[in-house]
A.B. asks: 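Here's a structure for you.
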Amino acid sequence: MGNSFTCISHEQEQRPKKSSGEGGNNSGKHKYVRRLSLMPSFRKRTLLPSLSCSGSSSTSSSKKGGIKAKKKIRERHHQDGHDKDSHIQEQTLAATNLLFNQTPRNSNSVVPPSFRRSTSVVYPSTHPSGTSSGPVSAVQTPKKSTVGFVRCSSSRQRSSTDPMIKPNQLVDKELNKVEGSETKRFVLVHGGGFGAWCWYKTITLLEKHGFQVDAVDLTGSGVSSFDTNNITSLAHYSKPLLHFFESLKPTEKVILVGHDFGGACMSYAMEMFPTKISKAIFISAAMLANGQSTLDLFNQQLGSNDLMQQAQIFLYANGKKNPPTAVDFDRSLLRDFLFNQSPPKDHALASVSMRPIPFAPVGEKLHVSDKNYGSIRRFYIKTMEDYAVPVPLQEAMIKLNPPEQVFQLKGSDHAPFFSRPQSLNRILVEIAQIPFKKSS
């Protein structure tokens, strides 16, 4: 007979083996096998069912028993997989039914379950003031709606009737209204050494609010190729601004904005074109009184402003025996003197774009009248971290020549169009919306 297999149980495994003399001809021919583990033991081991242990059997019968066992295992695994698939299908069907029941089919259906959502400028919160900011429950259901999943950009569900919002419309609604303004046109005048380029942020923001904006390059500044050493008067320096006002229609008015030494040029234009200027806004600017020069103004603080003395470089195109022809700045001190709160990119732009300031217009005394200059509404914006025109100097100008209203820009250096462009824009729009003052 051929070799045969004998299946033993766990109890038989523990019994000691018989001596080699026992068993007759079968001695040494028995092969003991343990139950095999066919599957990994992640839940329960699947064991090979025990074969008959009633005696010796042939190799063919052992194979048949093994085939039957494997077939039963495959059937069992197939049945388990079928049960899992059925369970997943049941869960999917239940979730679908729940979703369908919560989705409104028409405008008269129940409002879908509300979730907490944050408030945005496009879809402001509908809660009345003083109420809790809990889940929204009183929002009307739009005609066409989707399930109210959690959103971070709206306090209500979007309706199909809602207009598409463009990026430049994502601004404060109150600031976006310019209908109440007497004029929708701004004219921006740069300060000494700057050019129209310095207003690039302000121009962009004002235009987004619906205003028309013009920025002027004064003589010898910005793109002007004129040599600043050859500018001999305030009228010469302000010539591009005066030409602009001459080109306006007789009934057209603008809001005039000036910065730094541009305030003196503004005042000169206000005296000449009072009927074409609706409001004048001085931003850390030279707001001069009658008979006063910008040089007189800055001499008041010259002794206490050591940084200004260090940063200024006087140019003498006509020789040092004659008065200076222009004033430049030490580029290494620009950040500390002018741009102590401004971004590095704007400091770099100014470093390669600034030009000398003509000296003659700085020393020229301004002559203005109450009839012309005094008839225009004036507003002043103080820059609170300004080292070029310190706050005490700004307050001295305000006290000497009081404007209608004073605003403050906290955290702004001498260049608020760089350091605080959004805050500056808000103030400009607010001033533009101040109602027209009817004469009594």
Side-chain angles (χ1 to χ4, degrees), residues 171-172 175 186-209 211 213 215-218 221-222 255-263 265-266 280-287 298 301 305-308 310-312 328-355 357 379-395 397-398 403 405-432:
V171 291
D172 192 331
L175 291 181
F186 275 89
V187 177
L188 310 179
V189 183
H190 62 81
F194 292 88
W197 51 265
C198 72
W199 297 107
Y200 76 96
K201 293 181 181 179
T202 304
I203 293 171
T204 303
L205 292 171
L206 286 174
E207 286 180 345
K208 284 184 178 181
H209 285 82
F211 290 99
V213 188
V216 180
D217 272 321
L218 300 175
S221 305
I255 299 174
L256 189 58
V257 181
H259 170 248
D260 188 73
F261 183 45
C265 301
M266 275 179 59
I281 305 173
F282 295 77
I283 305 174
S284 185
M287 189 169 62
F298 282 95
Q301 296 287 330
N305 196 339
D306 295 334
L307 189 57
M308 177 182 285
Q310 296 173 17
Q312 287 178 342
D328 204 355
F329 295 110
D330 185 345
R331 294 297 189 267
S332 65
L333 296 176
L334 281 181
R335 172 168 289 281
D336 295 333
F337 183 51
L338 299 176
F339 310 117
N340 49 294
Q341 301 293 329
S342 298
K345 63 179 182 180
D346 293 321
H347 170 225
L349 173 65
S351 297
V352 298
S353 304
M354 292 187 71
R355 296 177 61 180
I357 307 168
F379 301 84
Y380 200 95
I381 301 177
K382 294 196 300 182
T383 47
M384 305 309 290
E385 300 293 332
D386 195 333
Y387 295 155
V389 183
V391 174
L393 180 56
Q394 297 179 54
E395 291 176 345
M397 288 187 285
I398 293 170
Q405 196 170 345
V406 177
F407 297 83
Q408 291 185 4
L409 268 175
K410 294 182 179 180
S412 173
D413 54 23
H414 188 59
F417 35 76
F418 289 157
S419 59
R420 292 293 181 271
Q422 295 283 356
S423 299
L424 174 61
N425 178 70
R426 286 180 178 272
I427 294 176
L428 293 178
V429 176
E430 182 180 345
I431 294 174

A.B. asks: Shortest non-hydrogen contact from L334 to H347?
C.D. replies: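 For L334 versus H347, the nearest heavy atoms are CB-NE2, 4.0 Å.
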
A.B. asks: Would you say that L428 contacts I255 through its side chain, given a criterion of any heavy-atom pair below 4.5 Å between the two side chains?
C.D. replies: no

A.B. asks: For a 4.5 angstrom cut-off between non-hydrogen side-chain atoms, does N425 reach H209?
C.D. replies: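 N425 vs H209: side chains touch.
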
A.B. asks: Starting from the C-alpha separation in whole Å, work towards a yes-or-no answer on side-chain contact (heavy atoms from CB on, under 4.5 Å) for D346 and F417.
C.D. replies: CA-CA 10 Å; D346 293 321; F417 35 76; over 6 Å; no

A.B. asks: Can you label the angle between the F329 ring and the F337 ring as parallel, tilted or perpendicular, going by 30° and 60°?
C.D. replies: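 Rings of F329 and F337: tilted, 30 to 60°.
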
A.B. asks: What's the verdict on side-chain contact (heavy atoms from CB on, under 4.5 Å) for D336 and Y387, showing C-alpha distance, side-chain angles and the deciding distance?
C.D. replies: CA-CA 8 Å; D336 295 333; Y387 295 155; 5.8 Å; no

A.B. asks: Contact between W199 and F186 at the side-chain level, heavy atoms closer than 4.5 Å - yes or no?
C.D. replies: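 Contact flag for W199/F186 side chains = no.
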
A.B. asks: To the nearest 0.5 Å, what is the distance between CD1 (I281) and CD1 (I381)?
C.D. replies: 5.5 Å

A.B. asks: So, does D217 use its side chain to make a donor-acceptor pair with the main chain of G195 at under 3.5 Å?
C.D. replies: no

A.B. asks: Just how far is it from atom CG of L206 to atom CG of L188, taken to the nearest 0.5 Å?
C.D. replies: 6.5 Å

A.B. asks: From I398 CD1 over to Q405 CD, what is the distance, rounded to the nearest 0.5 angstrom?
C.D. replies: 11.5 Å

A.B. asks: Any idea which heavy atoms bring V189 and M266 closest together, and the distance?
C.D. replies: CG2-CG, 4.3 Å

A.B. asks: The test is side-chain contact (heavy atoms from CB on, under 4.5 Å); show your working for S412 and Q341 and say whether it passes.
C.D. replies: CA-CA 6 Å; S412 173; Q341 301 293 329; over 6 Å; no

A.B. asks: First locate atom CZ of R355, then atom CG of D328, and finally report the distance between them rounded to the nearest 0.5 Å.
C.D. replies: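 That separation rounds to 10.5 Å.
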
A.B. asks: Do the rings of H259 and F194 sit parallel, tilted or perpendicular, given the 30° and 60° boundaries?
C.D. replies: perpendicular

A.B. asks: Ignoring hydrogens, what is the shortest heavy-atom contact between P343 and K201? Give both atom names and the distance.
C.D. replies: CG-NZ, 4.1 Å

A.B. asks: Any non-hydrogen side-chain atom of V391 less than 4.5 Å from a side-chain atom of D386?
C.D. replies: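 No - every pair of side-chain heavy atoms lies 4.5 Å or more apart.
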
A.B. asks: What closest approach, in Å, do L409 and P416 show between heavy atoms, and which atom pair accounts for it?
C.D. replies: CD1-CB, 3.5 Å

A.B. asks: Does the side chain of D413 come within less than 4.5 Å of F418's, by heavy atoms?
C.D. replies: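 Not touching, per the 4.5 Å side-chain cut-off.
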
A.B. asks: Closest heavy-atom contact between G192 and M354?
C.D. replies: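 Scanning both residues, the minimum pair turns out to be O-CE, 4.2 Å.
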
A.B. asks: With heavy-atom distances below 4.5 Å as the criterion, would you say the side chains of L218 and C265 are in contact?
C.D. replies: yes

A.B. asks: From S351 OG over to L338 CG, what is the distance, rounded to the nearest 0.5 angstrom?
C.D. replies: 9.5 Å

A.B. asks: Kindly give the heavy-atom pair with the smallest separation between P403 and Y380, and that separation in Å.
C.D. replies: CG-CB, 4.0 Å

A.B. asks: What distance separates H414 NE2 from D260 CG, expressed to the nearest 0.5 Å?
C.D. replies: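 H414 NE2 to D260 CG: 3.5 Å, rounded to 0.5 Å.
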
A.B. asks: State, with a plain yes or no, whether a side-chain heavy atom of E430 is found less than 4.5 Å away from one of F407.
C.D. replies: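 E430 vs F407: side chains touch.
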
A.B. asks: Would you check if V389 and T383 make a side-chain contact, meaning some heavy-atom pair closer than 4.5 Å?
C.D. replies: no

A.B. asks: Apply side-chain contact (heavy atoms from CB on, under 4.5 Å) to residues M397 and F282 and explain how you reach the verdict.
C.D. replies: CA-CA 11 Å; M397 288 187 285; F282 295 77; over 6 Å; no

A.B. asks: State whether the side chain of R420 and the backbone N or O of G411 hold a donor-acceptor pair below 3.5 Å, judged by distance alone.
C.D. replies: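 Looks like yes, one N/O pair under 3.5 Å.
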
